[in-house]
Amino acid sequence: MNLPTFEFTPALVVAIPLLGAFLTPLVSRINDKLRNIFVIIIMGLTGFFVFLLAYDVLAKGIKVYVFGANTADTIQSLENGLPLLRILFEVDAMSVLMAGISVILGFVAVIYSWSFMKENTGLDKYYTLFLLMIAGMLGMELTGDMFNFFVFLEITSIASCALIAFWTNKGKAVDAAFKYIVISAIGALFILFAVALLYSQYNALNIAVLGSMIQYTFLDKIALILLIVALLMKAGIVPMHMWLPDAYSRAPSSVTVALIGATLASLYGVLRVCFTLYGNSLSNICNNLNINVHSMLGTLLILLAIITIILGVIMALRQINFKRLIAFAAIAELGYMFLGIGTGLTVLGNPELAVYGMTALKGGIFHIINDALDVGLLFLVAGAIYYATRENSLNRMGGLARNLKYTTVFFLIGLLAVSGMPPMNGFASKILIYESTYQLSPILSIIAILCSILLLAVFVKVFYSAFMGPAQPKFKDVKEVPKSMLIAMGIITCIIIFIGLFPQFVINTVVTPAAEALVNFGGEKGFYINEIIESFTLGGV
Amino acid sequence: MILDLDLVQIIHIVLPILIVVASILAVVLKDLLAAAIAVAAMSLLLSLEFYILQAPDVAIAEAGIGACLTTAILIIAIRGTKRMEEDA
Amino acid sequence: MSMRNAVAAIFFAIVCVFFVFSALMIHSFGVPDATDMDDRIIGGFDMENNTYYGAQNETGANNVVTSVVFDYRGFDTLGEATILFTAVAGVVLVFRRLKK
Amino acid sequence: MIYNIPYIAVAALILIGLYAVVFKRNLIKMVIGITLIESGVNLFLITLGYREGSIAPIYTSSPGGIMALPVPQALTLTSIVIGVAVLALMLSLVIHIYRHYGTLDARKIGGNEE
Amino acid sequence: MSGMSKIVKTISSITFPFVFIYGLYVIAHGHLTPGGGFQGGAIVASGCAMILVAYGSVWTMGKIKEKNLSILESLGGFCFILLAFLGLGFGTGFFNNLFVGNEFLFGETPKFNSVAANFNTAGVIPLMNFAVGLKVIAGLFAIVLVMAYASSIREDEK
Amino acid sequence: MLLFIAILDTFKLLLKTLSTNSGFWNPLVWCSVIVIAFLIVYSIRSFGNKEYKKDNEQVKTFLSGNPEYEKEQMHVKSSNVYWGFTETLKWVYNLLNKMHTGNVSDYVLWFVVTMAIFFILIGVMI
């Protein structure tokens, strides 16, 4: 199979949603239906180009796009050690994986909002902001420049903040949006401060160039901490998670699904900072003292992850609001990812356990995919129930399985997947995490398994109280939700079942290249920049 | 002079101190309108500092956006809400 | 409440110490450590190839900052323009009429 | 040491802003605090780009001589516009919050919810 | 926000053209002197904000609809992206400064270290300055106008 | 023929077993085992199913002698489902509720606290 490769696919992946966002207000003047179709086409086109890019990157390795110059100059400057002046898009397997997740979530959410948002005003702005948010996420994931990362982070934050406040007649929604914007503004400003600290020492902004030069001075450590903590806050790890349940539960469901993508993009930022920007010492492990920083950072991440898992599950058990419950479950799921990533970070420097570190990292990355799909499906189901019954509180639900047959099936699948029951996809990634953390410390693994069981209990409660039980008289006229919402849920369910049945296929094709792109041993100038030079000289651009 | 500084260096010492004083005022003042004016003063001093640090482009931008539009938006918001900060 | 403020003050003080310390650790004022990227942008004369390089030659603009904003880092400027667009859309969305 | 006073001012600006966000209860005061943090970061970027005895990086104004670093100035321009965008959105949300809750006290609006 | 006294209105309407022209000057000479699209746009937008304060938001909203500002802003953004895409079409990539070196519009290159301010230089940069200037004027003014109008409408309801 | 081989190759790719360096996981094997187990259970169940009678006294609901409620009222509400668990862990929940104040300043305060801890652990210790 030979797909056509364009040298400017990375730019188009971001440019298409941006252009679509600029055109949406004009298109919506003509017709509402046309606008919806237009947005879906734009998302589909973006997805197509992400697919092309993924195919290209997975087959040929890292792909680079230079903005505004002929590439020959850039090759020369890289080879001769001259500074990089322009903004580069550097796309490796990890970026492509995250971009794929964002696009899938965005596509599904756009289809879902066709009927879900039908009765609201201001839909042209809604779709504009939606496309901008997707473009921001994609930019964060593809860019190779620290300042550009900050710019796209801000685009994502502002767009999602305005979307969280979409139902402005509800005070809680506006409140949640304000909390979100305060948190993200402060986080982004500290990220900018860290970028400036790095710039002050090395006079460079490119991630690869910085990564090859970092010396672990005091200022470097300060910058590392600022970056990591701000990104962790944006990813919603305990104890900085409090904005997440507010934002997730107050936003319209379709926006929440896209917000998951934004959160995961911040998580991607953490991965990039830990493994690429500060990953230089990982490449020459044995005789380097700086590895202490990594094991310390990994230990801290594991600690936070365990707290996250426990707190998320325990808080979820008590929630009555459907979406808030799922939000706490999403926090717990986030803990699993960080458990895998943190174990990888701690153990990779240790030659005896490095194999298990790699497995843990793979499990963490695989869990990113699974979490996005599972939690996204659950949020879509919650939105469907809200659409059908105008009810958010679990206390006032009951017996809905009679009216919403398909939705019940989708929820059941999402329930099994999110709580890690075999044979769903959640189990496949969780078993990787359990078995590799067991090698580090059995207690971690035991806590993770116990909390997974508790998570199942939480969702059994939801299933019982919302769908089971006798038919409630007030829900007599409730009908099945419209087709577009069912299609959206169906797409995600199909992907979940596919991944659940063939996990090794996904791991071999997508996850392992991503993990290996993050942890690349060997190389003199720093692995990332080395690979860029190679890809230039091989004509991979 | 003990420190033996020339004029530019003195300005580099005095202006940051003034900026910090203005920012402290902006936080401390109970009257929000006064705080907004303090923010405007801080922005103006900041733009002067930018000019002295050889960044005229940024100085113009900061004077236009920071000192004028930010203040306008803040005052609009204060008019739309409440002027005084409540006590504990 | 005062308990919260006391705990907050302690941690705030720690952060303060680190920030001030890092402010003292940065290279002294007016003497940057490394300037190779910016010097390359500002321009000069290349002795080996006997050519001029830099912003004035490559972009034709006398204002180096403008040439950085619109040429070398033009993509950032696109992002910035997008942010302005996003903010306008957001403000209009927040203040929209809720009834049709 | 005396030359590092601008950096100390940067740290002070950021910390004062952070203080306003953490310890003040009024929402508009918190927004002002975020503005202060942003100003601090901008000042930091510009200070990094200053070279002693340099001229502004514009060939038209004066020839010869060393120039201040242009890249931080470009970054700061971007950062300023981002700042005003975030500020506008935040303040419009504050106006809405005031309409819904009738107060600007951060403790009263959130509330403890299940 | 209702308007202010007649003196303020008169003075601001006399001052406004000067501010406007100064802003346009800053935009146009962005590639030669300090300034550019953002700075000039901010100056013009602050002049517009002055008019807004003097005459009141309801009057201003009657004169300039927010929708028209949105169209202007979209136009500016679209021109900017179009200029960026031109590089993709004719040159090698996004944001390629393709007019430089041609004896075409703004195509001349100044001599190194030259102080002379030749307006006809810098390729697409002046055009981009205009596009961004339009966008920034419309965007910033739209933000201020919408916020002022929304909060003043509320006052009338009370 | 070529197409057939290609399809076969794809299947081989799909059917690989996931190994975790200390164990393995194959969902298809698991599914087939579950199906077999289900069949066995079903056959065992069908042995006793004949003796079960529907119109008997033992089918009726018995609530300690109290009268039976209407069906609509029998639904246990969500907040009562894990009553024992939440009652036992009440102190934990009180603590957590105190933590989730819903105040933005506290959110930022947690950020500052985490930053301070990271500063001390990474900036000073190492």
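Just so it is clear: chains get the letters A, B, ... in the order the sequence lines come, proteins before strands, and each one is counted from 1.
- For an aromatic pair to be called close, the ring centres must be under 6.0 Å apart, and Phe38(A) with Tyr127(A) fails this.
- The side-chain heavy atoms of Tyr202(A) and Asp220(A), taken from C-beta on, include a pair separated by under 4.5 Å.
- Looking at Leu129(A), the atoms closer than 4.5 Å to chain C (heavy atoms on both sides) all sit in the side chain, from C-beta outward.
- For a residue to count as touching a neighbouring chain, one of its non-hydrogen atoms must lie under 4.5 Å from one of that chain's; by this rule Phe19(C) touches chain A with the side chain only.
- With a 4.5 Å cut-off on non-hydrogen atoms, Ile155(A) touches chain C through its backbone and its side chain both.
- You'll find the side chain of Asn120(A) stays beyond 4.5 Å of the side chain of Tyr126(A), heavy atoms only.
- For the atom pair Met137(A) CE and Thr156(A) OG1, the distance stands at 6.5 Å (nearest 0.5 Å).
- In this structure, the ring of Phe166(A) has its center no less than 6.0 angstrom from the ring center of Phe130(A).
- For chain C, the nearby part of Phe193(A) is the side chain; its heavy atoms alone come within less than 4.5 Å.
- Per-residue heavy-atom pair counts under 4.5 Å with chain C were compared for Ala165(A), Ser200(A), Gly136(A), and the maximum is reached by Ser200(A).
- Neither the backbone nor the side chain of Phe149(A) comes within contact range of chain C, judged by heavy atoms closer than 4.5 Å.
- A donor-acceptor pair under 3.5 Å is absent between the side-chain atoms of Thr143(A) and the main chain of Gly139(A), judged by distance alone.
- A donor-acceptor distance shorter than 3.5 angstrom exists from the side chain of Thr121(A) to the backbone of Arg97(C), with no hydrogens or angles considered.
- For Val92(C), the part sitting under 4.5 Å from any heavy atom of chain A is the side chain, from C-beta outward, and nothing else.
- Both the backbone and the side chain of Arg73(C) come within contact range of chain A, judged by heavy atoms closer than 4.5 Å.
- Proximity to chain C involves both the backbone and the side chain of Ala159(A), based on heavy atoms less than 4.5 angstrom apart.
- Counting heavy-atom pairs under 4.5 Å between each of Leu205(A), Ile222(A), Thr128(A), Asp124(A) and chain C puts Leu205(A) at the top.
- Among Trp167(A), Phe147(A), Phe150(A), the residue making the largest number of heavy-atom pairs under 4.5 Å with chain C is Phe147(A).
- Electrostatic pairing of Arg35(A) and Asp32(A) counts as a salt bridge here, judged by a charged N lying under 4.0 Å from a carboxylate O.
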